[in-house]
Amino acid sequence: LKMNTDGVGIPRCEDGTYANTFKCDPELPPRAPFAWTLDANLSPLPGNAATPAMGLHGTCPSEFAGKDQQDPFLLMVQYDKKVIGNHAVFWSGFGNGMGLGSASGFGNEFTWDTEYNCLDENHQNMPAMTKIEYDEGTGLTTTTISGPALSCKKDISETTYKEGKGSKMGKSGKGDDDDECLETGYEVWQRQGDEEDIDLVVDVEVDSDTCTYTMNMTFDGSVMDEIGVPFMNDVTFDNFFTDFFVPRNPGSGFASTCLAEGLLSEFTPGEPKPWNFPEGNVGLNTYYTDYGWTVNVPKKARKATGFESVTLGASPCGTYTQPFPHYSVHFYAVDTDFRKTMTCNSEGGYFCLNATDQCGESGLKMNTDGVGIPRCEDGTYANTFKCDPELPPRAPFAWTLDANLSPLPGNAATPAMGLHGTCPSEFAGKDQQDPFLLMVQYDKKVIGNHAVFWSGFGNGMGLGSASGFGNEFTWDTEYNCLDENHQNMPAMTKIEYDEGTGLTTTTISGPALSCKKDISETTYKEGKGSKMGKSGKGDDDDECLETGYEVWQRQGDEEDIDLVVDVEVDSDTCTYTMNMTFDGSVMDEIGVPFMNDVTFDNFFTDFFVPRNPGSGFASTCLAEGLLSEFTPGEPKPWNFPEGNVGLNTYYTDYGWTVNVPKKARKATGFESVTLGASPCGTYTQPFPHYSVHFY
């Protein structure tokens with residue numbers, strides 16, 4: 001719905017034109033203002049032009065009037081009522097030095113000078129100029145944007161160019177000067193497993209009578225050795241302190257292994273880590289690392305409960321505060337894509353450095369200094385557990401902030417997870433084999449419920465003395481002043497081991513956000529946990545089957561095509577210039593079909609479907625679904641929901657994505673640049689062409 005293909009709510013200016021969009025030349029036919037390609041379109045599309053993981057397209061109608069197919073086109077993309085990208089399209093022959101069409105003078109470059117309709121405060125960086133250019137000397141194609149910078153305290157000159165090739169941006173790497181911001185993110189959780197291997201299942205019930213939900217996450221912990229996760233099946237009550245608890249026996253083989261990989265090393269900022277940051281991170285370790293499984297909450301239940309995903313983490317070495325093999329279960333109110341944006345400066349480890357050492361906005365949103373985290377009128381933190389005032393140390397809920405002295409020498413904020421907090425009584429008077437319940441927050445919002453328990457519990461060995469040595473434990477939770485965005489917080493969390501099945505279950509239950517009808521959903525499929533989050537058949541007629549980034553899964557290595565992004569920010573003029581350059585001559589060589597085969601001479605005879613639908617090119621593309629997309633409900637050649645266009649060979653997109661360098665990102669407001677090579681093209685441009693997006 002956030003694609004806004006019905007046009008409802010997309011901002012407009014006082015004169016009725018769409019806000020933050022190109023101001024179209026009123027003298028150019030058809031003399032019409034900027035238009036988003038909405039559901040009601042009749043020409044040139046029979047429907048909208050919104051695309052998964054890209055957005056809703058729009059442009060000036062004059063952009064497509066009186067042009068040859070070999071002329072370039074400039075568009076914008078929006079999502080959730082915000083313009084999120086600038087989009088240039090040109091035929092593949094331009095990337096081979098064949099020039100443009102008649103409306104562009106058959107030349108090797110073209111420039112758009114753009115003005116805008118009533119830019120709001122969030123769109124002040126829109127490009128004033130976009131240009132495409134082919135250099136006959138180098139054989140490279142460049143797309144350039146320039147416009148007003150968002151910040152310009154000093155000149156910036158950054159590039160992704162490295163040793164003659166485009167570097168893989170977006171991974172941790174050494175900066176070009178001392179103030180380069182090196183952040184760590186989801187890569188520390190990269191050891192993601194298949195939920196079928198451990199029979200991981202999430203099931204959800206929503207009761208419309210009581211308007212409550214119950215959500216269970218179940219897994220088989222007995223198979224960890226079998227699937228290559230060390231230590232988790234080796235711990236017992238008898239050997240726990242002698243072999244698997246670092247503080248009690250730091251000379252054990254377990255302790256030596258874990259300490260060698262960096263356990264306990266995280267709170268010495270600036271000291272070299274065993275994982276050799278910035279080239280490495282804890283996600284590349286074997287022992288002091290996390291083996292994880294992530295499952296999306298089924299669609300209907302997602303809306304009713306407010307929870308997006310459930311994760312299980314197996315930590316062979318544990319962490320600083322719990323240095324022994326244990327499991328962590330998170331119920332998240334955000335999805336994995338959002339978690340991937342939650343980066344911080346952690347020097348490649350699991351714990352973010354203090355707020356004063358953060359260099360990016362995301363790291364500051366961990367709120368490790370505590371500033372701005374909401375509080376109730378009585379001073380307690382809002383939307384958090386109400387702690388029992390009779391339990392030692394008789395203290396209210398606390399976030400683990402920079403100023404902590406015990407049990408951590410710093411905060412417990414974690415990349416792609418958030419800042420942890422709990423009742424201090426949760427860690428008082430308990431055995432290490434007892435379970436712990438925490439919360440995680442990010443950007444001043446509670447985003448997750450977090451249960452932790454030793455790995456022996458998942459092998460049927462029970463809990464510690466404070467929990468009665470039993471096979472289950474329940475937390476009944478009340479909260480400090482819940483606001484309107486946190487009404488779904490669990491009233492109960494329970495962990496349970498079933499001796500009959502050998503399975504471990506973590507359960508949460510609480511008030512549902514919507515409860516018009518009963519809901520019963522599960523990720524269980526054919527005896528195993530299904531891969532949720534990918535398109536799949538629903539369990540009833542109203543299951544929502546969505547498509548996303550998987551249609552762009554043919555992502556290539558920018559080094560193969562010498563793709564480089566370079567950015568200049570001029571502090572005197574407070575403007576930026578950003579170039580994306582690539583070599584289009586190598587497409588055949590790297591296996592991208594048709595892109596190097598098109599010329600002016602054979603364009604209409606061989607490579608333009610409407611003119612010759614019987615050509616080999618047309619037959620190939622039509623067979624893979626080109627022109628089939630606007631017949632809803634009709635079977636597609638890619639056999640949805642099992643398949644999608646990203647699995648095609650010809651009617652598909654071969655793509656390259658580069659993150660804008662860090663300092664330039666903040667100054668320009670652009671995060672990434674993409675190049676797409678479309679061998680068959682699309683419905684409106686059914687010929688081989690390139691697309692460049694500045695997002």
Side-chain angles (χ1 to χ4, degrees), residues 188-189 191 193 198 219-268 271-277 280-292 312-329 346-351 406-410 412 414 420 426-436 438 451-467 469 495 497 504:
V188 298
W189 312 110
R191 289 187 176 274
I198 60 171
F219 73 98
D220 182 358
S222 70
V223 298
M224 292 295 158
D225 272 350
E226 181 184 328
I227 63 173
V229 183
F231 298 147
M232 304 300 289
N233 293 144
D234 301 333
V235 192
T236 67
F237 270 103
D238 291 337
N239 66 15
F240 184 92
F241 287 110
T242 57
D243 297 341
F244 289 98
F245 187 57
V246 174
R248 189 72 63 88
N249 188 359
S252 70
F254 168 80
S256 299
T257 298
C258 295
L259 292 171
E261 284 202 342
L263 179 69
L264 309 188
S265 74
E266 296 226 36
F267 294 96
T268 51
E271 289 295 313
K273 303 297 188 287
W275 48 84
N276 189 30
F277 178 78
N281 60 75
V282 288
L284 298 171
N285 283 351
T286 301
Y287 302 97
Y288 177 48
T289 192
D290 189 274
Y291 293 79
L312 171 69
S315 303
C317 288
T319 60
Y320 191 100
T321 52
Q322 295 156 310
F324 53 85
H326 66 253
Y327 292 107
S328 293
V329 178
S346 74
E347 296 185 335
Y350 280 127
F351 295 96
S406 177
L408 279 172
T414 301
H420 290 79
E426 191 65 18
F427 285 84
K430 280 189 172 182
D431 296 338
Q432 298 294 339
Q433 296 91 347
D434 285 310
F436 305 91
L438 305 94
V452 181
F453 46 91
W454 76 299
S455 63
F457 182 73
N459 296 321
M461 297 177 190
L463 298 166
S465 60
S467 306
F469 299 106
I495 60 169
Y497 177 82
T504 303

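Just so you know, these numbers come straight off a predicted model, no measurement behind them.
In this structure the side chain of Ile227 reaches within 4.5 angstrom of the side chain of Met224, judged on heavy atoms. Pro325 places a side-chain heavy atom less than 4.5 Å from the side chain of Phe254. The shortest side-chain heavy-atom distance between His420 and Thr414 falls under the 4.5 Å cut-off. The shortest side-chain heavy-atom distance between Cys258 and Pro323 does not fall under the 4.5 Å cut-off. Using a 4.5 Å heavy-atom threshold, the side chains of Val229 and Val223 count as separate. In this structure, Phe427 and Gln322 have side chains that are in contact, with non-hydrogen atoms separated by less than 4.5 Å.
For the atom pair Met232 CE and Ser315 OG, the distance stands at 6.5 Å (nearest 0.5 Å). The CD1 atom of Ile495 sits 5.0 Å away from atom CG of Leu463, with the distance rounded to the nearest 0.5 Å. For the atom pair CE of Met461 and OH of Tyr497, the computed distance is 9.0 Å after rounding to the nearest 0.5 Å. Summarising the geometry, atom CD belonging to Glu271 is positioned 14.5 Å from atom CZ belonging to Phe277; distances are rounded to the nearest 0.5 Å. With rounding to the nearest 0.5 angstrom, the OH atom of Tyr320 is 9.5 Å from the CG atom of Leu263. In this structure, Asp290 CG and Cys317 SG are separated by 11.0 Å, a value rounded to the nearest 0.5 Å.
The minimum heavy-atom distance between Ala314 and Pro316, with the atom names listed, is O-CD, 3.3 Å. Of all heavy-atom pairs spanning Gly348 and Val188, the tightest one is O-CG1, 4.1 Å. In terms of heavy-atom proximity, Glu426 sits nearest to Pro435 at OE2-O, 3.8 Å.
Within the 3.5 Å criterion, the main-chain N or O of Tyr287 finds no donor-acceptor partner in the side chain of Asn285. With hydrogens and angles ignored, the 3.5 Å screen pairs a side-chain donor or acceptor of Thr289 with a backbone N or O of Val282. A donor-acceptor distance shorter than 3.5 angstrom exists from the side chain of Asn281 to the backbone of Gly283, with no hydrogens or angles considered. Without hydrogens or angle criteria, Asn249 side chain to Thr242 main chain gives a donor-acceptor distance under 3.5 Å. With hydrogens and angles ignored, the 3.5 Å screen pairs a side-chain donor or acceptor of Glu261 with a backbone N or O of Thr286. Side-chain atoms of Tyr291 do not come within 3.5 Å of backbone N or O of Gly193 as any donor-acceptor pair. Under the 3.5 Å distance criterion, the side-chain polar atoms of Glu266 are matched with a main-chain donor or acceptor of Phe351.
Remark: Asn233 pairs with Asn459 by the side chain to side chain donor-acceptor pair (under 3.5 Å) rule, at least two apart or across chains. Qualifying side-chain contact (heavy atoms from CB on, under 4.5 Å) partners for Pro250, counting only residues two or more places apart in sequence or in other chains: none.
Between Phe453 and Tyr327, the two ring planes are tilted [angle within 30° to 60°]. Ring geometry for Trp275 versus Tyr288: interplanar angle of 30 to 60°, hence tilted.
With ring centers used as reference points, Phe240 lies under 6.0 Å from Phe245. The aromatic ring centroids of Trp454 and Phe436 lie 6.0 Å or more from each other.
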Residues Asp434, Ser467; criterion side chain to side chain donor-acceptor pair (under 3.5 Å); working and verdict: CA-CA 6 Å; Asp434 285 310; Ser467 306; 2.6 Å; yes
